[in-house]
Amino acid sequence: MGCFMKANKVSRYNMRMLWENVRIPFVFIIVVLYVMESLSAVLTFSQVMHIDVTPFAFVFLVNNYRIQFVIATCAVILFCNAPFEDESYQYMISRAGKLSWGLGQILYILKTSILYIASLVIAAILPFLGHITWSNEWGKIWGTLGKTNTGADFGVKLSVSQNIIRQYKPVDALVISILLEFSCILCIGLLIYFGNKITAKSIGTFAGTLIAVLDICVSNDWLDWAYGFSPVSLTQLELFHGFASKWGINLVYAEKFFMIAIVSLSVLCVIANYKETVISRMKERNIHGK
């Protein structure tokens, strides 16, 4: 219990330092404004039709690979200063211990991911304030955009999947989309932390950038099975009812993928804090082996 209390203090310290870096508020502002702008045409369509919108825009936002690229790229920028070590690092790790320090960093990435996703969900609702109808139905606006091309006349570029409307209840789709997107952002954060920590270079940041780009690459005529290795792609409900399903890529697959990835990366993030110990033991074995 004491270990987790120390880990929580480490994460709280990092959260306090979060807003002192101008890059962090800037990233949040940029992604929120981008999401709101992406929905402006839908708002115009709603106002012209004199029909309010149900608050499920987030579901369709994360099913757009261009928007997903921006969201994932901003997440990379958010975590690119990993392993989050400043001038107080030596003092804090001596007080907390390597295990608590590692767990604290994981907890910090978890909290930041929650904050990031919450900002996206709120940003997907803000444009429609005053024009929202609270209902557990998709509503006429999303139904019309999904079934017809009417939205194109109003500049609506956001693709509304008829498969999602047909296969999922709105609240179910929203909850699943939020959880999948959160899992993806968390994986990106953990991967960046592990890569940067274990190499003492920006290898993790580079790997996170590759994840952000991978979905675009796969969406542009890469092999279909590659969707199964793209975390950003696996957040999109539309994928599970398309051609990728023939490779066994479905919601259950996505859940298992993220669970295994999060647990594995969390363990690796803790181990990375014992890098010096692991390296010295490997050297000792090599010496004795000779």
Side-chain angles (χ1 to χ4, degrees), residues 1-28 72-119 179 181-212 231 257-286:
M1 181 62 69
C3 177
F4 287 100
M5 290 180 64
K6 291 179 181 179
N8 187 49
K9 290 181 179 179
V10 170
S11 69
R12 286 165 55 190
Y13 172 79
N14 282 353
M15 293 299 293
R16 286 197 299 270
M17 299 296 292
L18 186 68
W19 302 107
E20 295 186 6
N21 188 333
V22 67
R23 183 190 72 258
I24 305 302
F26 181 75
V27 169
F28 274 86
T73 301
C74 286
V76 172
I77 298 173
L78 191 64
F79 295 114
C80 69
N81 64 325
F84 320 118
E85 297 169 2
D86 57 16
E87 62 277 0
S88 64
Y89 168 68
Q90 292 297 336
Y91 170 76
M92 292 189 66
I93 198 169
S94 64
R95 295 289 300 274
K98 290 185 177 181
L99 178 58
S100 294
W101 176 264
L103 292 175
Q105 302 308 318
I106 294 171
L107 193 54
Y108 164 72
I109 295 171
L110 175 69
K111 291 178 179 180
T112 305
S113 298
I114 292 174
L115 183 61
Y116 186 63
I117 295 301
S119 299
L179 291 176
E181 192 70 19
F182 163 73
S183 299
C184 176
I185 300 303
L186 180 58
C187 283
I188 290 175
L190 292 173
L191 178 61
I192 292 174
Y193 177 85
F194 171 70
N196 288 359
K197 178 67 178 179
I198 202 70
T199 64
K201 296 180 181 179
S202 299
I203 298 300
T205 302
F206 178 74
T209 303
L210 287 181
I211 288 180
F257 176 91
F258 283 123
M259 287 178 63
I260 294 172
I262 290 171
V263 172
S264 300
L265 286 171
S266 296
V267 172
L268 290 174
C269 286
V270 172
I271 293 175
N273 286 278
Y274 293 88
K275 177 177 64 174
E276 295 81 4
T277 304
V278 172
I279 292 175
S280 63
R281 288 183 177 178
M282 290 177 64
K283 289 181 177 178
E284 290 177 3
R285 289 179 181 177
N286 288 336

Is F258 close to L186 at the side-chain level, that is, under 4.5 Å between some pair of heavy atoms?
no

In short, E181 meets I117 closest at the heavy-atom pair CG-CD1, 3.5 Å

Would you call the rings of F84 and F79 parallel, tilted or perpendicular if under 30° counts as parallel and over 60° as perpendicular?
perpendicular

Please give me the minimum heavy-atom distance between A207 and L191, naming the atom from each residue.
CB-CD2, 3.8 Å

Rounded distance (nearest 0.5 Å) linking atom OG of S11 with atom CH2 of W101
10.5 Å

Let's go through V10 and Y108 carefully: what are the C-alpha distance in whole Å and the side-chain angles of both, what is the deciding distance for side chain to side chain contact (heavy atoms under 4.5 Å, CB included) to 0.1 Å, and is it a yes or a no?
CA-CA 8 Å; V10 170; Y108 164 72; over 6 Å; no

Between C269 and L190, which heavy-atom pair has the shortest distance, and what is it?
SG-O, 3.3 Å

The single option from L210, I77, N81, I192 that satisfies side-chain contact (heavy atoms from CB on, under 4.5 Å) with T205 is I192

Do L107 and L110 touch side chain to side chain, with heavy atoms closer than 4.5 Å?
yes

For a quick test of reading the model, state the closest non-hydrogen atom pair linking F194 to L268 and the distance between them.
CD1-O, 3.3 Å

How about M15: does its CE atom have over 12 heavy atoms from other parts shown lying under 6.0 Å from it?
yes

For the side chain of Y193 and the backbone of G204, is there at least one donor-acceptor N/O pair under 3.5 Å apart?
no

Minimum heavy-atom separation for N8 to K111, with atom names?
OD1-NZ, 3.1 Å

Worked verdict on T73 versus T209 for side chain to side chain contact (heavy atoms under 4.5 Å, CB included)
CA-CA 7 Å; T73 301; T209 303; over 6 Å; no

Mind listing the closest non-hydrogen atom pair of N196 and P83 along with its distance?
CB-CD, 4.3 Å

List the steps, then state whether side chain to side chain contact (heavy atoms under 4.5 Å, CB included) holds for V76 with F206.
CA-CA 9 Å; V76 172; F206 178 74; over 6 Å; no

Would you say NZ of K9 has more than 12 non-hydrogen atoms from neighbouring residues, nucleotides or ligands within 6.0 angstrom?
no

So do the side chains of F257 and S183 get within less than 4.5 Å of each other, counting heavy atoms only?
no

Using 0.5 Å steps for rounding, measure from the CG atom of N14 to the CD1 atom of I109.
9.0 Å

Rounded to the nearest 0.5 Å, how far apart are CD1 of I185 and CG of L115?
12.0 Å

